[in-house]
A.B. asks: 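So that we are looking at the same thing, I have put the structure below in structure tokens.
Positions are given from 1 along the sequence. Values reported hereafter were calculated over all heavy atoms of this structure, with side chains retained and with hydrogens, waters and symmetry mates removed.
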Amino acid sequence: MTAISKPGKIIAVHLNYPSRAAQRGRTPAQPSYFLKPQSSLAGTGGTIERPAGTELLAFEGEIALVIGEPARHVSPDEGWAHVAAVTAANDFGLYDLRAADKGSNLRSKGGDGFTPLGPVAIPVDGIGQGDWRVRTWVNGELVQEDTSDTLLFDFGRLVADLSQHGTLETGDVILTGTPAGSSVVVPGDVVEVEVDAPGAPGTPTTGRLVTTVTQGSVAFGDFGSKPAVDDLQRIEAWGSGEAHAAAVAAGRATPLDAASTVPEASDDAQPPFELTDALRAQLSSVAVATLSVALRKRGYHDIFIEGVVANHPGDRIVGRARTLRFIPARPDLFASYGGGYNAQKRAFDSVGAGEVLVVDARGERGTGTVGDVLALRAKVRGAAGIVTDGGVRDFDAVAGIDIPVFSRGAHPSVLGRRHVPWETDVTIACGGAAVQPGDVIVGDGDGVIVIPPHLVAEVAAEAAAQDAADAWVAERVAEGEPVDGLFPMNRAWRERYERERDAAASGALPPEEAR
């Protein structure tokens, strides 16, 4: 272990974990960065002040790279060799000031004490760039956990990319992004961040980087940008509308103000996708088959989760994906990762209201991946459902729990026969379909599909219009019309349908009189 010297540059990455990208509703094609000043540095055991007149101070536990040998114009394969050590960081930010500098983050993330580092740095000799884990606790509760092998942009690539634009010098620090789970803290809260390499010899760790939040008393002056908060900032800072509502109920957050005005988005941020009640209702009213047609028209052909059926005939499922990944069984790995508070238990303990837990069991139905206790836990947490391309244990008991479960059928065996619970909130493959955290999952009697968030609104609207047209065609067939020219509609039938649809919508004539 080594001490941490004051770096010449502190460079932070905006988005780098798939779980965080899913929360933000966008996945960057390339990394983007911002600078933090030396004066924002702090050590363990210190405090961070939430400025007077603000409410949205958020933590972001991160893995920090410490540069060893200077890097200039190095390749991604060479980048990791220029990292001397890894330590823990907390990239605190103040959402109240995000609009102040149009994406530079100087005022929102550059305050005194906004970059705690430490307590110690771990030399990287003999440890791979994918071997690291970051965890964050708030008041003793684990709120963030992810590993560096899931990153959108690995450490070597970050070093190489930055070295194209300037020299990374010895001691410079790169903050490599935060996973899902970042949220708001209030005065009195204690935030702890730890980075370790659990699979490396000696399981090296930085120890916990501890920061206590205090309340500032000095108000901002009448010069410069003032703090400004709106509903969008509140929801984004807390992580979701559900998390904000829970914080309000606990007396930790300010209620939403529906009359607030959303400011112009900063250069590096877009409004996150939200599965609104209206969108959820629209998706619930249309057939999976119709949605799949709309997606195929847009080039999305492998969005069907093959081989899964509902445990209750007639079940429908709509919600945003949370993910759980199993790997093939191996005795030593199961001994290390299968017991205790493993990934499977963490997934069922953290799935949120209205979310769908999607399980990557590699299509292996020869053991259970969900049982009655875990299904009950998901129901109690308000989950919209569970999808697994594996088996279900305690099948009859699970069927008796009022939660939709789509699976490949029943199997009495437990995990260790075929699976090791490995990780959560990462991109997975389920039934041959890629699923990212935050994707929208829709299921009915025809099966389950995956919709990328940016396509949900247009696909749902198109499917609703197509289902309405198909229902009208079915009525004509029931009246005795032949399907030739009617299904699909030729020009004459299409014109008649549109006249009747428009007349019914305007209220000019009841639908039956309009024909």
Side-chain angles (χ1 to χ4, degrees), residues 17-20 22-23 59 61 133-147 150 178-184 191-194 198 238-247 249-250 252 317 319-327 334 336-361 368-388 390 392-394 397-398 401-407 414-416 419-428 430 435-439 441:
Y17 284 87
S19 59
R20 181 68 164 174
Q23 285 186 319
F59 64 86
R133 176 176 63 174
V134 59
R135 290 179 291 174
T136 307
W137 295 261
V138 175
N139 300 328
E141 178 184 356
L142 181 67
V143 293
Q144 287 186 297
E145 180 173 4
D146 216 323
T147 53
T150 70
T178 196
S182 166
S183 192
V184 175
V191 188
E192 300 170 278
V193 182
E194 181 180 7
W238 282 98
S240 68
E242 292 83 358
H244 174 264
R252 290 172 57 85
I317 192 170
R320 299 198 74 180
R322 295 287 297 277
T323 61
L324 166 64
R325 176 179 170 237
F326 293 119
I327 65 170
F334 193 85
S336 299
Y337 294 92
Y341 196 46
N342 61 34
Q344 183 191 41
K345 293 176 182 177
R346 295 197 303 271
F348 280 89
D349 258 353
S350 63
V351 64
E355 294 178 331
V356 177
L357 184 58
V358 185
V359 181
D360 173 4
T369 54
V370 180
D372 55 351
V373 172
L374 294 179
L376 180 61
R377 179 60 175 156
K379 176 185 181 299
V380 169
R381 289 191 58 81
I386 303 163
V387 179
T388 174
V392 171
R393 191 167 181 259
D394 310 311
V398 171
I401 298 171
D402 186 22
I403 183 172
V405 178
F406 286 72
S407 73
V414 295
L415 281 184
H419 300 303
V420 178
W422 196 249
E423 57 188 340
T424 64
D425 293 320
V426 297
T427 300
I428 62 170
C430 183
V435 183
Q436 289 197 298
D439 283 346
I441 307 298

A.B. asks: What I want to check is whether the side chains of T150 and E423 have a donor and an acceptor closer together than 3.5 Å.
C.D. replies: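 Checked: T150/E423 side chains show no N/O donor-acceptor pair below 3.5 Å.
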A.B. asks: Give the minimum heavy-atom separation between G371 and D394, together with the two atoms involved.
C.D. replies: CA-OD2, 3.8 Å
A.B. asks: Side-chain contact test, heavy atoms from C-beta onward, threshold under 4.5 Å: evaluate it for V134 versus Y17 and give yes or no.
C.D. replies: yes
A.B. asks: Find the distance between CG (L142) and OH (Y341) and round it off to the nearest 0.5 Å.
C.D. replies: 7.5 Å
A.B. asks: State, with a plain yes or no, whether a side-chain heavy atom of V380 is found less than 4.5 Å away from one of L376.
C.D. replies: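 The answer is yes; the side chains approach within 4.5 Å.
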A.B. asks: Between R325 (side chain) and I428 (backbone), is there a donor-acceptor pair under 3.5 Å?
C.D. replies: no
A.B. asks: If you look at every heavy atom in A384 and I317, which pair is closest and at what distance?
C.D. replies: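 Scanning both residues, the minimum pair turns out to be O-CG1, 3.7 Å.
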A.B. asks: Does S350 offer a backbone N or O that forms a donor-acceptor pair with the side chain of R322 under 3.5 Å?
C.D. replies: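 Yes, R322 side chain to S350 backbone: donor-acceptor pair under 3.5 Å.
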A.B. asks: How many angstroms lie between atom NZ of K379 and atom CZ of F348, to the nearest 0.5 angstrom?
C.D. replies: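 Nearest 0.5 Å value for the NZ-CZ distance: 15.0 Å.
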A.B. asks: To the nearest 0.5 Å, tell me how far R320 CZ sits from S240 OG.
C.D. replies: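 One gets 9.5 Å once the value is rounded to the nearest 0.5 Å.
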A.B. asks: Using side-chain heavy atoms (C-beta onward) and a distance below 4.5 Å, is V193 in contact with F59?
C.D. replies: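 A side-chain contact is absent here, since even the closest heavy-atom pair is not under 4.5 Å.
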A.B. asks: Can you name the nearest heavy-atom pair linking V398 to A375, along with the distance?
C.D. replies: CG1-CB, 4.1 Å
A.B. asks: To the closest 0.5 Å, what do you measure between CD (Q344) and CG (L357)?
C.D. replies: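 The distance works out to 9.0 Å.
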A.B. asks: Could you tell me which non-hydrogen atom of P437 sits nearest to which non-hydrogen atom of T323, and how far apart they are?
C.D. replies: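 Result for this residue pair: CG-OG1, 3.7 Å.
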A.B. asks: For residues A361 and T388, report the shortest heavy-atom separation together with the two atoms involved.
C.D. replies: CB-OG1, 4.1 Å
A.B. asks: Could you measure the distance from the CD atom of E192 to the CD atom of Q144? Nearest 0.5 Å is fine.
C.D. replies: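 Separation between the atoms: 13.0 Å.
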A.B. asks: Measure across I441 and V358 and return the closest heavy-atom pair with its distance rounded to 0.1 Å.
C.D. replies: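 That closest heavy-atom pairing would be CG1-CG2, 3.9 Å.
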A.B. asks: For H244 and W238, take the angle between the two ring planes, folded into 0 to 90°, and tell me which bin it lands in: parallel under 30, tilted 30 to 60, perpendicular over 60.
C.D. replies: perpendicular
A.B. asks: Roughly how far apart are T424 OG1 and D146 CG, rounded to 0.5 Å?
C.D. replies: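 If I round to the nearest 0.5 Å, the distance is 7.0 Å.
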